[in-house]
Amino acid sequence: MAFDRGRVSLAVDCAVFGFAAGGVRVLTVRRRVPPFADGWALPGGFVEAGETLLCSAARELEEETGVVAAHLEQVGCFDALDRDPRGRVVSVAFAGLVRREHLTLRATADAGEARWWDLADRPPLVFDHEAILAAALAHVRASLWQRPLALALLGARFTLAEAQTLYEAVAGMRFDVRNFRKRLLATGMLASLDARETGVAHRAARYYACR
C-alpha cells in the first residue's frame with residue numbers, strides 16, 4: 001500500500017484470546033512483509049472504504065488466521081505519531097474471544113504463520129502491539145464479574161470448575177472454591193442446565209451456560 005505522509009490511514013488490530021489446557025492463549029501472526037518482516041504481531045490491517053470498524057476487524061482476523069471470533073469489542077484507539085514507520089496510521093484496537101472448539105488456525109494474506117501462544121511464553125510483539133494487548137487483557141479482566149464476556153472462551157456449556165480455572169487464568173490469581181462459586185452464581189450470568197458430566201471418576205458436575 002502506497003503512503004501519502006500528508007494523510008492519516010485508519011487500521012484495526014485484534015488482541016484475540018483463546019483458552020486451552022487451563023491457560024489463556026493469545027493469537028499472533030508472523031509478518032512476511034516489511035515493516036518488521038518475520039516479527040510477531042497481532043492480526044490486523046487497514047480499513048477499506050465502505051467498511052465499518054467491526055467488519056474490518058472480523059475480515060482481517062479471518063483473512064490472516066482463519067479464525068472467526070465469538071466476540072469482538074473495541075478497547076481503545078492508538079494514535080502515537082511514530083507507531084508505524086510507513087506513515088501516519090491510527091489504529092482502533094479490538095479484544096476478541098474464540099471458543100475452545102474453534103482454535104484451529106490457517107495463515108493467509110500477509111501473515112506467514114499464525115500461532116496461539118501462552119500469555120507468559122509469547123514472543124515480543126512489533127509496532128505498539130504490546131500496549132494493545134495489555135489494554136485488551138485489562139478490558140476482559142474488568143468484565144469478569146459484570147458480564148459473561150470471558151465465559152465465551154469456554155463454549156456453549158461448562159462446569160463451575162472450568163469457569164474457575166478460566167477466571168484464575170484471566171485474573172492471574174487464585175480464588176477460594178466456595179467463595180468463587182457463590183460470587184459467580186450471584187451475578188445472575190449463568191443458567192443451570194439439566195446435563196451433567198459423564199464418564200468421570202468423581203461426582204459428576206452440573207453444566208452451566210451463559211444467560
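No hydrogens, no waters, no symmetry mates; every other heavy atom, side chains included, goes into these values.
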A side-chain contact here means heavy atoms from C-beta on lying under 4.5 Å apart; do [X] and [Y] qualify?
X	Y	answer
Ile132	Arg83	yes
Arg211	Leu190	no
Arg99	Leu154	no
Tyr207	Thr159	yes

Main-chain N/O of [Y] paired with [X] side-chain donor or acceptor, under 3.5 Å:
X	Y	value
Tyr208	Leu160	no
Glu60	Pro43	no
Glu130	Leu125	yes
Glu197	Ala205	yes
Ser56	Thr52	no
Arg196	Ala204	yes
Ser143	Val140	yes
Glu64	Gly44	yes
Arg115	Leu105	no
Arg183	Thr187	no

From Asp128 atom CG to Asp79 atom CG, the distance as rounded to the nearest 0.5 Å:
9.5 Å

Which distance, rounded to the nearest 0.5 Å, do you find between the CG of Leu144 and the CG of Leu151?
8.5 Å

Closest heavy-atom contact between Arg25 and Asp118?
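Between these two residues, the closest heavy atoms are NH1-OD2, 3.1 Å.
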
What heavy-atom pair brings Ala150 and Leu166 nearest, and what distance separates the two atoms?
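Between these two residues, the closest heavy atoms are O-CD2, 3.3 Å.
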
Would you mind checking if Arg86 and Asp84 are paired as a salt bridge, meaning a charged N to carboxylate O distance below 4.0 Å?
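Looking at Arg86 together with Asp84, the answer is yes, because their closest N to O distance falls below 4.0 Å.
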
Apply side chain to side chain contact (heavy atoms under 4.5 Å, CB included) to residues Phe94 and Leu54 and explain how you reach the verdict.
CA-CA 8 Å; Phe94 284 78; Leu54 181 59; 3.9 Å; yes

Test side chain to side chain contact (heavy atoms under 4.5 Å, CB included) on Thr165 and Phe19; report intermediate values, then the result.
CA-CA 10 Å; Thr165 300; Phe19 185 68; 3.8 Å; yes

Does Trp40 have Arg122 sitting over its ring (NZ/CZ under 6.0 Å from centre, angle to axis within 45°)?
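That pair does not qualify as a cation-pi contact.
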
With no hydrogens and no angle check, just 3.5 Å: does a side-chain donor-acceptor pair link Trp117 and Thr28?
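On atom types as modelled, these side chains qualify, holding a pair under 3.5 Å.
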
